[in-house]
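Worksheet for the structure shown next.
It should be emphasised that the depicted structure is a prediction, and the values quoted were computed from it without experimental measurement.
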Amino acid sequence: MSKYSKNPTSISAIESIKESRNFINDCISSPSSKREAEYKNRTEYLKELRKWQENEITLTTKEIELLVLTIGEGTSTYQKLLSVVPRLNSATLCTYLINPPAPKEFAGMISSIGNLYDYNPKFFKLTSTSIDLIAPYEFKQSDAFALSIAGENTLYRLKKEQYMLELAEKSLSIAEESLEQSKKSTKYSKYATYTAMASIVTGILIAAMQFYLN
């Protein structure tokens, strides 16, 4: 027999290896294996997501208003927002956005993470051109933001309150001047006092009317 003749035993062993390989590939590509791989990926992703969410904090009313005023002035980068509210972080800001980075989708398994950001009012929106942002996401210093409708309403309220405060301060200043004049004239002191009091009341009424009419 030629030394190049095929050994039946060797051929059988090779065929056995091929069959084993095909069996393994079939197992890997089977629906149950795919489901197991999908479940493993989802579990690992959820661990990463929950770890990111652990950084979330609840902003105070003062901090939210500072952010609203800052964006309302036209300065809207993440870097600027951090300088105004240093304890702000990406996970926290996402909960106040109307268009936050979306969580990954897993076939038939999205329901448990679909309401990731539903529990805070949405004062802001992300205006950066990045697309398909996936949570967990860390904002870049240059990422930009604008006010949502809720944010615009808050800015309007803050501006009205500031206007009323300035009006009240102006009325108080006029009243103080009137009282000072009353000290200089005993003859008209009573009338000057009444005038000062009337100025205060008038200023308050004007401010109140401006508030409710607007």
Side-chain angles (χ1 to χ4, degrees), residues 12-71 75-154:
S12 177
I14 292 172
E15 292 298 328
S16 178
I17 292 173
K18 288 182 178 180
E19 290 178 0
S20 298
R21 184 181 300 166
N22 291 336
F23 175 77
I24 292 173
N25 289 335
D26 290 342
C27 289
I28 293 175
S29 60
S30 68
S32 60
S33 297
K34 289 181 178 179
R35 285 195 298 270
E36 290 176 1
E38 185 80 5
Y39 178 79
K40 181 179 179 181
N41 289 338
R42 176 179 179 273
T43 301
E44 291 177 352
Y45 170 71
L46 285 178
K47 286 182 180 179
E48 181 184 3
L49 186 63
R50 301 310 179 198
K51 184 176 180 180
W52 177 72
Q53 285 183 294
E54 289 176 0
N55 296 318
E56 289 179 14
I57 58 174
T58 300
L59 298 178
T60 64
T61 300
K62 179 180 179 180
E63 288 172 327
I64 292 173
E65 290 180 350
L66 283 172
L67 294 175
V68 168
L69 289 171
T70 300
I71 295 176
T75 307
S76 60
T77 63
Y78 184 58
Q79 182 179 21
K80 180 62 178 180
L81 299 185
L82 284 176
S83 70
V84 175
V85 181
R87 71 188 193 113
L88 183 67
N89 58 61
S90 296
T92 297
L93 184 54
C94 280
T95 67
Y96 293 92
L97 295 177
I98 62 172
N99 59 339
K104 285 184 180 179
E105 293 187 9
F106 295 87
M109 301 181 184
I110 191 62
S111 58
S112 63
I113 55 177
N115 59 348
L116 191 61
Y117 312 108
D118 286 351
Y119 46 88
N120 276 332
K122 312 306 179 191
F123 295 101
F124 317 110
K125 59 184 176 181
L126 179 63
T127 59
S128 298
T129 55
S130 300
I131 58 174
D132 297 331
L133 299 181
I134 300 296
Y137 177 77
E138 293 297 330
F139 291 112
K140 301 185 291 292
Q141 297 289 302
S142 58
D143 280 335
F145 303 87
L147 296 177
S148 65
I149 296 299
E152 291 284 359
N153 290 340
T154 301

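Taking the side chain as every heavy atom from C-beta outward, Thr77 and Ser142 never approach each other to under 4.5 Å. For the pair Leu59/Leu67, a side-chain contact is recorded, criterion being any heavy-atom separation below 4.5 Å from C-beta on.
Of the possible polar contacts, none joining the Tyr78 side chain to the Glu138 backbone as a donor-acceptor pair under 3.5 Å is found.
Shortest non-hydrogen contact noted between Ile57 and Thr92 is N-OG1, 2.9 Å. A pairwise comparison of heavy atoms in Thr127 and Ala146 identifies CG2-CB, 3.6 Å as the closest pair. Taking all atoms of both residues into account, the shortest heavy-atom contact from Asn55 to Ala91 is CB-CB, 4.4 Å. Taking every heavy atom of both residues into account, Lys122 and Ser148 meet most closely at O-OG, 2.5 Å. Taking each heavy atom of Cys94 and Pro100 in turn, the nearest pair found is O-CB, 3.5 Å.
Paired with Phe145 under the rule ring-ring contact (aromatic ring centres under 6.0 Å, His included), one option of Tyr96, Phe123, Phe124, Phe139 passes, and it is Phe139.
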Exercise for review: Check step by step if side chain to side chain contact (heavy atoms under 4.5 Å, CB included) holds for Leu126 and Leu133.
Suggested key: CA-CA 11 Å; Leu126 179 63; Leu133 299 181; 3.5 Å; yes
**Study point:** Thr154 and Ile64: CA distance, side-chain angles, deciding distance, side chain to side chain contact (heavy atoms under 4.5 Å, CB included) verdict
**Key:** CA-CA 9 Å; Thr154 301; Ile64 292 173; 5.6 Å; no
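Note that CD of Glu65 is 11.5 Å distant from OG1 of Thr70, once rounded to the nearest 0.5 Å. The CG atom of Leu82 sits 8.5 Å away from the CG atom of Asn89 when rounded to the nearest 0.5 Å. Here the CG atom belonging to Asn41 is positioned 12.0 Å from the CD atom belonging to Glu36, to the nearest 0.5 angstrom. For the atom pair CG (Asn153) and CG (Leu147), the distance works out to 10.0 Å, reported to the nearest 0.5 Å. For the atom pair NZ of Lys125 and CD1 of Ile149, the computed distance is 7.0 Å after rounding to the nearest 0.5 Å. For the atom pair CG (Leu49) and NZ (Lys47), the distance works out to 13.5 Å, reported to the nearest 0.5 Å.
The local environment of NZ in Lys80 is sparse, with at most 12 non-hydrogen atoms from other residues, nucleotides or ligands closer than 6.0 Å.
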